[in-house]
Amino acid sequence: MADETIDGASLLARSLKAQGVEYMFGIVGIPVIELAMAAQAAGIKYIGMRNEQAASYAASAIGYLTGKPAVCLVVSGPGLIHAIAGIANAAENCWPLIVVGGSSEADQEGMGAFQETPQVELCRPYCKFTARPNRLERLPFYVEKAVRHSIYGRPGPCYIDLAGNMVTERVDVKDVRPDVTCQSPPKTLAEPDRIKEAIDLLHYAEKPLVIIGKGAAYARAEDSVREFVETNGFPFLPTPMGKGVLPDDHELCVSPARSKALQEADVILLLGARLNWILHFGLPPRFNPKVKVIMVDILAEEMNNNVQNAVSLVGHLDAVVSQLNERINKIPGRFVFNRKSPWWKTLDGKVKQNQVAVQGMIDDKSEPLNYYAAYEEIRQLLPRDYIIISEGANTMDISRTMVPNFLPRHRLDAGTYGTMGVGLGFATAAGIWCRDHTPGNQVVSIQGDSAFGFSGMEIETICRYKLPVIMIIINNGGIYTGLPEDTWSSIQDMDLTLSSPPTSLIPAARYEKMIEAFGGKGYCARTTEQIKAAFTEALQNKQQVSLINIIISPMAQRKTQDFDWLTKSKM
Ligand code: ADP
Ligand code: MG
């Protein structure tokens with residue numbers, strides 16, 4: 001009997017499947033068409049996108065939602081270069097991702113081959129592991145190693161380069177390395193002495209604060225974190241994507257008093273969040289100069305970055321918080337932090353004060369609408385189990401306040417890298433995930449008109465796969481702000497468009513008409529009643545992909561801030 005052989009595409013697909021990869025997002029072309037087909041044949045779901053950027057964002061979002069990497073499949077040269085956006089974004093967000101790039105033929109290297117590009121070198125600074133296998137027999141080894149590196153320790157992206165000739169070359173099955181399945185990541189514990197120190201510090205804190213980051217969400221630590229916060233009665237504050245680890249309407253959540261809580265806390269327990277720009281580097285004036293930080297993170301090198309920690313707890317977040325819980329449960333007559341304490345009184349007061357300020361904006365229903373009035377209609381109707389995608393400048397910042405999250409890993413936004421254009425890639429991934437794992441639920445993607453523009457053509461992808469996604473565009477006709485329609489008309493009449501503000505886009509553009517080209521349903525809403533009617537219908541009509549274009553005031557702003565989100569701390 002002749003020896004059985006297998007081609008490179010099928011072998012790679014088989015190895016990915018053996019490592020538990022469920023989804024592949026990509027765009028086919030030379031030399032990866034066979035790879036996508038082989039993935040389908042191996043039982044991996046292949047989602048064809050319209051731009052590699054969006055494909056790389058989508059695949060990385062699956063990594064965050066499931067804790068298992070998805071694959072982004074790209075063609076050589078420009079295809080890979082487009083995907084670097086998503087690779088860098090995944091690296092910044094600490095999300096697992098496997099990128100597979102087809103590349104030029106190995107024996108044409110250096111000759112000016114079609115799309116010849118130093119692909120491995122381009123990926124290296126953003127990846128935990130990169131490889132250009134030189135023998136088909138070893139593909140299973142590289143795939144296991146890439147998957148392992150993407151999820152062990154701090155998660156991140158990995159890259160596998162496959163020379164075009166290797167896609168179709170064949171190898172004897174008997175020579176192929178067997179698939180060794182990557183084991184789930186170790187749940188490492190923190191040093192026991194440090195656990196004791198952390199509890200002692202928290203015990204004597206007058207103004208304790210727990211900050212919950214997206215590392216806690218990724219670690220699936222919702223149960224241990226809830227136990228910790230509730231047994232101790234500590235106030236907590238989620239970061240943007242830490243929202244939902246505990247519900248935003250939890251009685252111990254102090255999000256509306258964010259600035260105050262950060263500024264005055266004397267002991268902060270940091271659960272899976274870096275002291276980077278999102279948390280103002282942990283420095284004054286946004287933080288108390290004497291604050292004692294207890295940091296929990298899986299990456300030892302992250303400890304003491306910007307601020308010297310009082311206690312460093314290196315380990316898997318769920319395991320470490322469970323250690324903290326265990327220790328606290330052993331303390332006889334342990335206390336619950338008093339709701340009547342001066343600290344809680346300060347925070348509760350500030351929460352009320354900020355709620356009143358926001359209510360003022362909500363109640364202002366004058367047209368064109370402001371952000372808050374528009375968001376209020378959405379908030380009133382949103383089910384608790386939706387996944388929210390949120391991006392844009394004001395659109396995203398205001399949604400942090402106005403659109404609550406109730407479940408972990410149910411919010412995806414511009415993230416650590418502040419990337420604009422992630423929205424529809426994330427919506428595609430969340431839509432697929434939702435369809436497969438929580439059928440009947442929907443994804444609500446809220447984007448500014450500028451953010452929507454980056455990957456607008458992915459509405460065709462979302463419609464093609466009939467994903468349960470409602471796209472909402474908060475349309476102010478510009479980046480940050482736009483121009484009123486009549487001002488814009490005069491600018492055009494006078495042929496002055498090239499002198500218009502760089503922030504302007506076409507005011508009141510009718511984006512909802514785009515989705516009709518792909519069989520979806522578009523709505524345009526300018527009043528609170530129209531938003532309500534459109535969103536109600538979109539939520540009921542689950543078989544239909546909908547896009548609601550909400551036209552708001554081009555001059556709408558955020559409520560006045562004590563500190564602006566991006567204000568730099570004095571270093
Ligand atoms: P946020 O944007 O919410 O502030 P960051 O992305 O800055 O969060 O921080 C997330 C942190 O979580 C990273 O430092 C990362 O190393 C850490 N992390 C990721 N997974 C785990 C885990 N399983 N256990 C502990 N820490 C983790
Ligand atoms: Mg805008």
Side-chain angles (χ1 to χ4, degrees), residues 63-64 67 89-96 128 150-156 184-190 211-221 224-225 237-245 270-282 295-303 305-306 312-322 371 391-396 398 400 408-409 411-418 420 446-454 473-483 503-509 511 549-557:
Y64 175 63
N89 192 63
E92 285 293 316
N93 277 341
C94 315
W95 289 356
K128 294 180 71 186
S150 77
I151 54 177
Y152 276 38
R154 171 183 278 177
S184 28
K187 276 199 152 187
T188 42
L189 297 174
I211 298 180
I212 304 175
K214 66 176 172 302
Y218 180 83
R220 300 183 135 60
S224 55
V225 171
L237 190 68
T239 64
M241 272 195 262
K243 272 160 71 75
V245 170
L270 205 54
L271 300 179
R274 286 166 283 181
L275 289 176
N276 57 13
W277 67 277
I278 291 198
L279 286 171
H280 321 285
F281 312 106
M295 184 180 211
V296 184
D297 203 287
I298 200 151
L299 185 75
E301 294 89 322
E302 188 60 43
M303 299 296 153
N305 200 33
N306 300 329
S312 297
L313 301 175
V314 181
H316 187 285
L317 209 127
D318 189 39
V320 176
V321 178
S322 302
Y371 284 100
E391 67 162 339
N394 288 328
T395 302
M396 180 169 71
I398 298 168
R400 288 182 177 133
R409 300 169 297 283
R411 181 188 165 97
L412 296 162
D413 69 19
T416 307
Y417 218 17
M420 287 299 126
I446 307 180
Q447 298 179 285
D449 52 331
S450 157
F452 173 78
F454 284 84
I473 301 179
I474 307 276
N475 183 355
N476 67 347
I479 305 168
Y480 303 111
T481 51
L483 291 174
T503 47
S504 29
L505 298 169
I506 293 180
Y511 294 106
N549 180 19
I550 301 180
I551 296 173
I552 63 160
S553 165
M555 310 310 284
Q557 289 290 354

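One-based numbering, in listed order, for ligands and for the atoms of each.
Taking distances strictly below 2.8 Å, the protein N/O/S atoms close to the Mg ion (ligand 2) are D449 OD1, N476 OD1, G478 O.
G315 counts as a contact of ligand 1, since one of its heavy atoms falls under 4.0 Å from the ligand. Note on ligand 1: M241 sits outside its first shell, no heavy atom being nearer than 4.0 Å.
Within the 4.0 Å heavy-atom criterion, neither part of L279 lies near ligand 1. Residue-level proximity to ligand 1 for T416 is carried by the side chain, the only part with a heavy atom below 4.0 angstrom. Under 4.0 Å from ligand 1, the heavy atoms of T239 that appear belong solely to its side chain.
Ionic pairing of R154 and E302 is present here: one or more N-O contacts between side-chain nitrogen and carboxylate oxygen are shorter than 4.0 angstrom.
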* CA sep, side-chain torsions, deciding dist, call: V314, T188, side chain to side chain contact (heavy atoms under 4.5 Å, CB included) -> CA-CA 8 Å; V314 181; T188 42; over 6 Å; no

* Evaluate the side chain to side chain contact (heavy atoms under 4.5 Å, CB included) criterion for residues E391 and F454: first the C-alpha distance (whole Å), next the side-chain angles of each, then the deciding distance (0.1 Å), finally the verdict. => CA-CA 11 Å; E391 67 162 339; F454 284 84; 5.9 Å; no

* To do: Output, in order, the C-alpha distance, side-chain angles, deciding distance and verdict of side chain to side chain contact (heavy atoms under 4.5 Å, CB included) for M303 and D297.
  => CA-CA 8 Å; M303 299 296 153; D297 203 287; 3.6 Å; yes

* Given R409 and R220, is the side chain to side chain contact (heavy atoms under 4.5 Å, CB included) satisfied, shown in steps? -> CA-CA 9 Å; R409 300 169 297 283; R220 300 183 135 60; 3.6 Å; yes

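Where the criterion is an N or O separation shorter than 3.5 Å, residue side chain and backbone included, E302 fails it with respect to ligand 1.
Of the candidates I298, N305, I278, I151, it is I298 that places a heavy atom closest to atom 18 (N) of ligand 1. Heavy-atom proximity to atom 24 (N) of ligand 1, evaluated over D318, V321, L317, I212, is greatest for L317. Comparing M295, R220, R274 against atom 9 (O) of ligand 1, the shortest heavy-atom distance belongs to R274.
The shortest heavy-atom contact between P240 and I278 is CD-CG2, 4.0 Å. The two residues N394 and A556 make their nearest non-hydrogen contact at ND2-O, 4.0 Å. Contact record, L505 with D449: CD1-OD2, 3.8 Å, taken as the closest heavy-atom pair.
Looking at atom 2 (O) of ligand 1, its nearest protein heavy atom turns out to be K214 NZ, 2.7 Å. In terms of protein heavy-atom proximity, atom 11 (C) of ligand 1 is nearest to D297 OD2, 3.4 Å. Nearest to atom 20 (N) of ligand 1 among the protein's heavy atoms is Y218 CD2, 3.7 Å. Closest to atom 10 (C) of ligand 1, if we only count protein heavy atoms, is G272 O, 3.2 Å. Of the protein's non-hydrogen atoms, the one nearest atom 12 (O) of ligand 1 is G215 CA, 3.2 Å.
At least one donor-acceptor pair closer than 3.5 Å links the side chain of N549 to the backbone N or O of A509. A donor-acceptor pair is defined here as one N or O able to donate and one able to accept, closer than 3.5 Å; no such pair exists between the side chain of N89 and the backbone of Y417. A donor-acceptor pair is defined here as one N or O able to donate and one able to accept, closer than 3.5 Å; such a pair exists between the side chain of K243 and the backbone of R400.
Note on ring orientation: taking the six-membered ring where Trp is involved, the planes of Y64 and Y218 are parallel (angle under 30°, cut-offs 30° and 60°).
A heavy-atom distance below 4.5 Å is not found between the side chains of N305 and L275.
Each of the atoms 3 (O) of ligand 1 lies under 4.0 Å from some heavy atom of G213. Atoms of ligand 1 found under 4.0 Å from any heavy atom of N276 (numbered from 1 in listed order, with element): 7 (O).
By the 6.0 Å contact criterion, CD1 on I506 is open, its count of non-hydrogen atoms from other residues, nucleotides or ligands being 12 or less.
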